[in-house]
2 protein chains.
Amino acid sequence: MKDFFSHINKAFENKVRLGVMSILMVNDWYDFNGFKELLGLTDGNLASHLAKLEKIEFITVKKEFVGKKTKTSYQATKEGKLAFKNHLQALETLIKGTKK
Amino acid sequence: MKDFFSHINKAFENKVRLGVMSILMVNDWYDFNGFKELLGLTDGNLASHLAKLEKIEFITVKKEFVGKKTKTSYQATKEGKLAFKNHLQALETLIKGTKK
DNA sequence: AATAAATACTTTGTACTACAAAGTAAATAA
DNA sequence: TTATTTACTTTGTAGTACAAAGTATTTATT
C-alpha cells in the first residue's frame, strides 16, 4: 500500500475499536461494563477487541475493587492517542486532498 | 450493535473502499488505472473492492474506448455519497459526543 | 449449605474478509 | 506471431468478527 494510506491505522478500521478509542479520547478511564452497555456488545467480542488494543499498547488496564465488586477499567496510552489523532487527520486529508 | 454505531457503515470500514469513495467525492469520474496507481493496489484487490461498492450501489461503472484503448470509469451514486457523508458525520459524532 | 447471579474474561466454531498471485479474454502494437 | 495492455475472475491462504458457551472468583439469596 502507498503513502496515500500511511497514517490510516488498521487498528481503527473496526468500529468497536473505533468506538472504544473515541470514548477513551474524552474519558480518562472507562470500565468494561461501561463499554459493554454504551456499545451494546457481547462480553467476548468486547474482550477480544480490548485485548487487541492492549496488545499494541494503545490502551492500558487497571483492576480494582469498588466496594465488594471487581471493576476493570481502561485508559488510552499516549501512543494510542497519538495514533488515533493521526488516523483522524489522515482521514481528513484523504477526503479533502484527492482532486485530480 | 447499538444506536451508537447506526451510521457507521460497514462498507467504509475498509481503507481501500474508504480511499475509493473519498476520491469519488471530489472527482466525478475516476478510472480503474487511476485508482490502481493512486492507491497502489493489485488489480484483483482493487477489482474486488470496486465490485463490492458496485453491488451495494454506492458506485456505478462506465466502459468506453479512448482512442483504441478500453477504459473503465467509476462514479459515486447519490446513495453512495449520502452514505459516505453520514458515515463521516457519525465518526465526528462518535469522537465528540462520548463524555460521561 | 446450596443455589443463583455478577464480573471479566477465555475458548470454540463459523462465516466472512483481505489480499496476492495466477489465470483469462479481447484488443492492439511490434 | 509474439508480446503487451486492460480489466478483470479465480483460487488459495491467512486473518477477522462475532455469538455462544464455558470458566473462575466472589457475593447474595434461600
Side-chain angles (χ1 to χ4, degrees), chain A residues 1-2 4-6 8-24 29-56 58-75 87, chain B residues 1-6 8-24 29-56 58-75 87 94:
Chain A
M1 202 79 50
K2 283 231 177 143
F4 201 77
F5 292 127
S6 59
I8 295 285
N9 199 314
K10 199 138 188 50
F12 306 128
E13 285 196 69
N14 173 273
K15 66 181 176 304
V16 173
R17 293 188 304 261
L18 201 59
V20 165
M21 285 305 295
S22 298
I23 291 167
L24 293 182
W29 291 97
Y30 216 81
D31 66 53
F32 191 90
N33 280 325
F35 285 125
K36 208 174 108 177
E37 274 171 43
L38 188 54
L39 304 177
L41 304 167
T42 55
D43 285 19
N45 195 17
L46 175 57
S48 80
H49 287 296
L50 289 171
K52 255 166 225 180
L53 289 170
E54 204 196 335
K55 197 178 174 189
I56 57 174
F58 281 5
I59 63 172
T60 45
V61 188
K62 175 179 69 172
K63 282 155 195 276
E64 62 186 325
F65 277 88
V66 171
K68 302 288 177 71
K69 289 187 176 177
T70 57
K71 186 176 169 183
T72 308
S73 300
Y74 301 85
Q75 187 185 40
H87 178 80
Chain B
M1 203 78 51
K2 281 233 176 140
D3 249 29
F4 200 79
F5 291 128
S6 58
I8 296 285
N9 199 314
K10 198 133 189 53
F12 306 128
E13 284 196 69
N14 174 272
K15 66 180 176 304
V16 173
R17 291 186 307 260
L18 202 57
V20 166
M21 286 305 296
S22 299
I23 290 167
L24 294 182
W29 291 96
Y30 216 81
D31 66 54
F32 191 89
N33 281 325
F35 284 126
K36 207 174 110 177
E37 273 171 44
L38 187 55
L39 303 177
L41 303 168
T42 55
D43 285 18
N45 194 16
L46 175 56
S48 81
H49 287 297
L50 289 171
K52 255 165 227 181
L53 288 171
E54 205 195 336
K55 197 178 175 191
I56 58 174
F58 281 5
I59 63 174
T60 45
V61 188
K62 173 178 69 173
K63 282 155 194 276
E64 62 186 325
F65 277 88
V66 171
K68 300 288 179 68
K69 289 187 174 176
T70 57
K71 187 176 168 183
T72 309
S73 301
Y74 301 85
Q75 187 186 42
H87 178 80
L94 186 64

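First the proteins, then the strands, lettered A, B, ... as listed; each starts at 1.
For the pair Tyr74(A) and Ile23(A), the minimum side-chain heavy-atom distance is 4.5 Å or more. Looking only at side-chain heavy atoms (C-beta outward), Tyr30(B) and Val20(B) stay at 4.5 Å or farther from each other. Residues Met21(A) and Ile59(A) are in side-chain contact: their nearest non-hydrogen atoms beyond the backbone lie under 4.5 Å apart. Using a 4.5 Å heavy-atom cutoff, the side chains of Phe5(B) and Leu18(A) are not in contact. Residues Leu53(A) and Leu24(A) fail the side-chain proximity criterion, which asks for heavy atoms closer than 4.5 Å.
When the P atom of dA20(C) is taken as reference, atom CG of Leu39(B) falls 12 Å away, rounded to whole Å. As rounded to whole Å, 12 Å separates atom C1' of dC16(C) from atom NZ of Lys55(B). Per the geometry, CD belonging to Glu64(A) stands 17 Å off P belonging to dT26(D), to the nearest Å. Note: CD (Glu13(B)) to C1' (dA17(D)) measures 10 Å, nearest angstrom. Whole-Å rounding puts the Lys10(A) NZ to dG15(D) P distance at 12 Å. Whole-Å rounding puts the His49(A) NE2 to dG15(D) C1' distance at 13 Å. As rounded to whole Å, 14 Å separates atom C1' of dA18(C) from atom CG of Leu53(B). Rounded to an integer number of Å, the gap from Phe35(A) CZ to dA8(C) P is 12 Å.
Looking at Gln75(B), its side chain never comes within 3.5 Å of a backbone N or O of Val61(B) through a donor-acceptor pair. With hydrogens and angles ignored, the 3.5 Å screen pairs a side-chain donor or acceptor of His87(A) with a backbone N or O of Asn9(A).
Contact annotation: Asn45(A) does not reach the phosphate of dA17(D) (side-chain N/O to OP1 or OP2, under 4.0 Å). Residue Thr42(A) places at least one side-chain N or O under 4.0 Å from the OP1 or OP2 atom of dA19(D). Put simply, Asn14(A) has no side-chain N or O that comes within less than 4.0 Å of OP1 or OP2 on dT16(D).
Aromatic rings from Phe12(A) and Phe58(A) are positioned such that their centres are separated by under 6.0 Å.
The overall bend of the helix from dA1(C)-dT30(D) to dA30(C)-dT1(D), read as the angle between its terminal helix axes built from five base pairs each, is 10° when rounded to 10 degrees.
Between Phe65(A) and Lys52(A), the residue anchored nearer the 5' end of DNA chain D, judged by the nucleotide with its closest heavy atom, is Lys52(A).
Partners of His49(B) according to the ring-ring contact (aromatic ring centres under 6.0 Å, His included) rule, which considers only residues two or more places apart in sequence or in another chain, do not exist here.
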Can you pull every protein N or O that's under 3.5 Å from an N or O on nucleotides 3-8 of chain D?
residue: dT6(D); atom: O3'; partner: Thr70(B); partner atom: O; Å: 3.3
residue: dT6(D); atom: O3'; partner: Thr70(B); partner atom: OG1; Å: 3.3
residue: dA7(D); atom: OP1; partner: Thr70(B); partner atom: O; Å: 3.2
residue: dA7(D); atom: OP1; partner: Lys71(B); partner atom: N; Å: 3.4
residue: dA7(D); atom: OP1; partner: Thr72(B); partner atom: N; Å: 2.6
residue: dA7(D); atom: OP2; partner: Asn33(B); partner atom: ND2; Å: 2.9
residue: dA7(D); atom: N7; partner: Asp43(B); partner atom: OD2; Å: 3.0
residue: dC8(D); atom: OP1; partner: Lys63(B); partner atom: NZ; Å: 2.9
residue: dC8(D); atom: OP2; partner: Thr72(B); partner atom: OG1; Å: 3.3
residue: dC8(D); atom: OP2; partner: Tyr74(B); partner atom: OH; Å: 2.7
residue: dC8(D); atom: N4; partner: Asp43(B); partner atom: OD2; Å: 3.3

